[in-house]
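Structure record follows, encoded as C-alpha cells.
Scope of the values below: all heavy atoms of this structure, side chains included, with no hydrogens, waters or symmetry mates. Numbers here simply count residues along the sequence, with the first being 1.
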Amino acid sequence: MRVLIGGGGIGGPVLALALHRAGIDVRTFEAHTGPATALGSHLALAPNGLAVLHALGAGEDVIAHSAFPSDTIEFTNGRGRVLGRLNDGSARHGAHLRTRTITRGRLQTVLAEAAARAGVPVTYGKRLVSHTDHGDHVTVAFADGGTARGDVLIGADGIHSPVRRALDPAAPAPAYTGLLNLGGSLPAGLLPATPEGTTRMVFGRRAFLGHQTGGDTTLWFVNLPHPDPAPAEPAGGWQRYVLDRFAGDDPAIAAALAHADPAAFTPMGIHDIASLPRWSRGRVSLLGDAAHAMAPSSGQGASQALEDALVLASCLRDIDDPAQALATYEELRRGRVERVVAIGRRQGSLKLARNRVTALLRDLALPLVFKAIARTDPHRELFDHRIDPDRPVGPAGVRG
C-alpha cells in the first residue's frame, strides 16, 4: 500500500511516522516551500498528544524545542484581580507528559525533521489542487503540473482543506466563532512575570490576553471580539487598534504590547467545524483540522490531530480494504473530537464580552465557574486517553 498525504504541517508528518512504523509506504506533500517556521504563534501540547509523539520516537525532540511547561492557568480581570486558578493535573503523568507550550513553527520544523530522519521526508512546494478516486487507486494533481498515484489519500491540509472541499463540496464551511486571534513574543519583563509553569489569562473589558514568561522571552496572544472574520485594517493600523482595546485595563498591557513587532498584529478569524457529514469517501479521508477544526481555547487542536494519526495508521495496517479502514478510523475518532470541538466553543465564548456591563457580570460569575471546574477535573477524560499503536483494530471498529 502507498498512502499520499496532502499537508506537511503538524498532522501530516506525524501520520507519515505512524504509517512508516506500521510498514506502509507513504509520500507527504506540502504547499509551502518549507516548514513555515514563522507561521502562527504558539500552542499547547497536552499529555495525550505528547504520548503519541513518544510512541513514535519524537517526544523528546519536541520537549527539547518547546518553550516551557504550562500546566497551570491563572485567570485575572483586566485590572489584575485574580478570578481563579486551574491546574490541569498533567504533572501526575510524569515530566515527559507535562503540558508544554511550543511555537507552531518550531513544532512543524521538529516534526518534519523527525519524519526525514525516519526516511519519510515532506516534499515541499507541492500544492495539491485536485484528486481522483479511481476505485482501485487515487491520483492527485499539483499546481506545478505534477501528479502522484497511491492507494489512499489523506487530507491533512488544514481548516480550509482543498481535499475536504473536493471530497464533499456540500460540506458545511468552517464557522466563525466571533473572535480574532493574533500573537507573538516579547522580551521578558515587559509584561508582569508569571510563576513557573503558569499561563496568565486576562479577561479585559474589550479584549483577551494570554501570556507566559520562560527565560528571557514572553509568549503572548490576544483574542478580539469582532463581527468580521477578515476585517479591513482600521485607521491607525492593527497595533493601535489592539492597544486601544485594552484602554481601561492594566496600563502595563498596552505599554508592553507597544513594544511588540508590528508584524505580530495581523489578526486571523478563529473558526471551528462542529461536525461534518463525512470525513471519508472511498479511498480518501481527512485528518486534524481538515476534519474537525477546534478553537484554540480547547488546548487540544494539535493533540487531537496526533491521536488521529496513530488511529488512522493502525486502521490502514490492520484492515485490508482501504475504504473500510478509513470508515473505521472515522468511527473510532468522531465522537471524541466532536466533544472537544464543543469544549473549545464553550470556553471561547467566555471571551466575547463586548461592553463594561457584560464584562462586570462575567467577572462576577467566573470565580464560581472556575471553582466548579476544579471540582469536576474535566481534563482527566482528555489527558488520560491513550492509544496503543500495537493493539490491533478490527473491521467493526473495535480495538482487539
Side-chain angles (χ1 to χ4, degrees), residues 1-12 14-16 18-19 22 24-31 126-143 147-175 271-294 304-305 307-338 340-341 393-399:
M1 178 183 291
R2 170 173 289 180
V3 176
L4 308 178
I5 302 173
I10 294 174
V14 174
L15 176 59
L19 291 168
I24 297 172
D25 185 24
V26 58
R27 299 289 186 273
T28 307
F29 304 97
E30 167 58 44
K126 301 290 284 187
R127 182 177 297 278
L128 195 156
V129 294
S130 66
H131 71 265
T132 304
D133 185 344
H134 300 273
D136 60 350
H137 69 280
V138 178
T139 56
V140 299
F142 301 103
T147 61
R149 171 175 171 153
D151 297 287
V152 168
L153 169 63
I154 305 299
D157 48 349
I159 188 169
H160 302 295
S161 165
V163 175
R164 182 183 67 240
R165 291 196 298 268
L167 177 72
D168 186 0
H271 295 74
D272 64 17
I273 299 175
S275 182
L276 291 174
R278 58 164 57 90
W279 298 5
S280 306
R281 174 180 284 164
R283 292 172 175 262
V284 182
S285 191
L286 306 170
L287 178 145
D289 281 356
H292 48 71
M294 51 194 67
Q304 291 302 313
E307 288 186 7
D308 284 354
L310 214 52
V311 172
L312 177 52
S314 295
C315 291
L316 289 170
R317 177 196 64 202
D318 296 339
I319 300 173
D320 290 338
D321 176 32
Q324 182 60 54
L326 298 181
T328 300
Y329 150 70
E330 179 178 344
E331 177 187 347
L332 289 170
R333 293 293 298 155
R334 179 183 282 274
R336 176 168 167 81
V337 298
E338 291 185 356
V340 179
V341 172
V393 178
V398 177
R399 299 181 74 83

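- Between His292 and Trp279, the ring planes lie tilted relative to each other; the angle falls in the 30° to 60° range.
- Of all the heavy atoms in Ser285 and Val163, the pair that sits closest is O-CG1, 4.4 Å.
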Item to check | From CA spacing to verdict: salt bridge (charged side-chain N to carboxylate O under 4.0 Å, His left out), Glu330, Arg278 | outcome: CA-CA 8 Å; Glu330 179 178 344; Arg278 58 164 57 90; over 6 Å; no
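- The distance from the CG atom of Leu332 to the CZ atom of Arg336 is 12.5 Å, given to the nearest 0.5 Å.
- Note: Ile10 CD1 to Asp289 CG = 8.0 Å, rounded to the nearest 0.5 Å.
- Ile154 and Leu286 make their closest contact through CG2-C, 4.5 Å (heavy atoms, listed as atom of the first residue, atom of the second, distance).
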Next on the checklist: Using the rule given for side chain to side chain contact (heavy atoms under 4.5 Å, CB included), can you reason through Asp168 versus Leu276, listing the C-alpha separation, both sets of side-chain angles and the distance that settles it, and then say yes or no?
Outcome noted: CA-CA 9 Å; Asp168 186 0; Leu276 291 174; over 6 Å; no
Donor-acceptor contacts, no H, no angles, side chain residues 129-138, under 3.5 Å, sequence neighbours left out:
| from | atom 1 | to | atom 2 | distance (Å) |
| --- | --- | --- | --- | --- |
| Asp133 | OD1 | Gly135 | N | 2.9 |
| Asp133 | OD2 | Arg283 | N | 2.9 |
| His134 | NE2 | Thr139 | OG1 | 2.9 |

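- Residues Arg333 and Gln304 meet the side-chain proximity criterion, which asks for heavy atoms closer than 4.5 Å.
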Checklist entry - Can you check side chain to side chain contact (heavy atoms under 4.5 Å, CB included) on Ile5 and Leu19, steps first, answer last? => result CA-CA 11 Å; Ile5 302 173; Leu19 291 168; 4.2 Å; yes
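- A donor-acceptor pair under 3.5 Å links the side-chain atoms of Arg164 to the main chain of Ile159, judged by distance alone.
- Annotation for Ser275 and Glu338: closest pair OG-OE2, 2.8 Å, computed over non-hydrogen atoms.
- Taking CG of Asp321 as the start and SG of Cys315 as the end, the distance is 12.0 Å to the nearest 0.5 Å.
- Counting heavy atoms from C-beta on, the side chains of Leu4 and Arg2 come closer than 4.5 Å.
- Glu30 approaches Gly8 most closely through the heavy-atom pair OE1-N, 2.6 Å.
- Distance alone, capped at 3.5 Å, places no donor-acceptor pair between the Ser161 side chain and the Asp157 backbone.
- Proximity of a side-chain donor or acceptor of Asp308 to a complementary backbone N or O of Leu287 within less than 3.5 Å is not detected.
- Taking a 6.0 Å sphere around CZ of Arg127, one finds it holds 12 or fewer heavy atoms contributed by other residues, nucleotides or ligands.
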Next on the checklist: Using side chain to side chain contact (heavy atoms under 4.5 Å, CB included), reason through Leu153 and Leu128 one step at a time and then give a plain yes or no.
Outcome noted: CA-CA 11 Å; Leu153 169 63; Leu128 195 156; 4.1 Å; yes
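- Across Val26 and Ala16, no two heavy atoms sit closer than the pair CG1-O, 3.9 Å.
- The minimum heavy-atom distance linking Ala325 with Leu316 is given by the pair CB-CD2, 3.8 Å.
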Next on the checklist: Run Arg165 and His160 through side chain to side chain contact (heavy atoms under 4.5 Å, CB included) and show every step you take.
Outcome noted: CA-CA 8 Å; Arg165 291 196 298 268; His160 302 295; 4.1 Å; yes
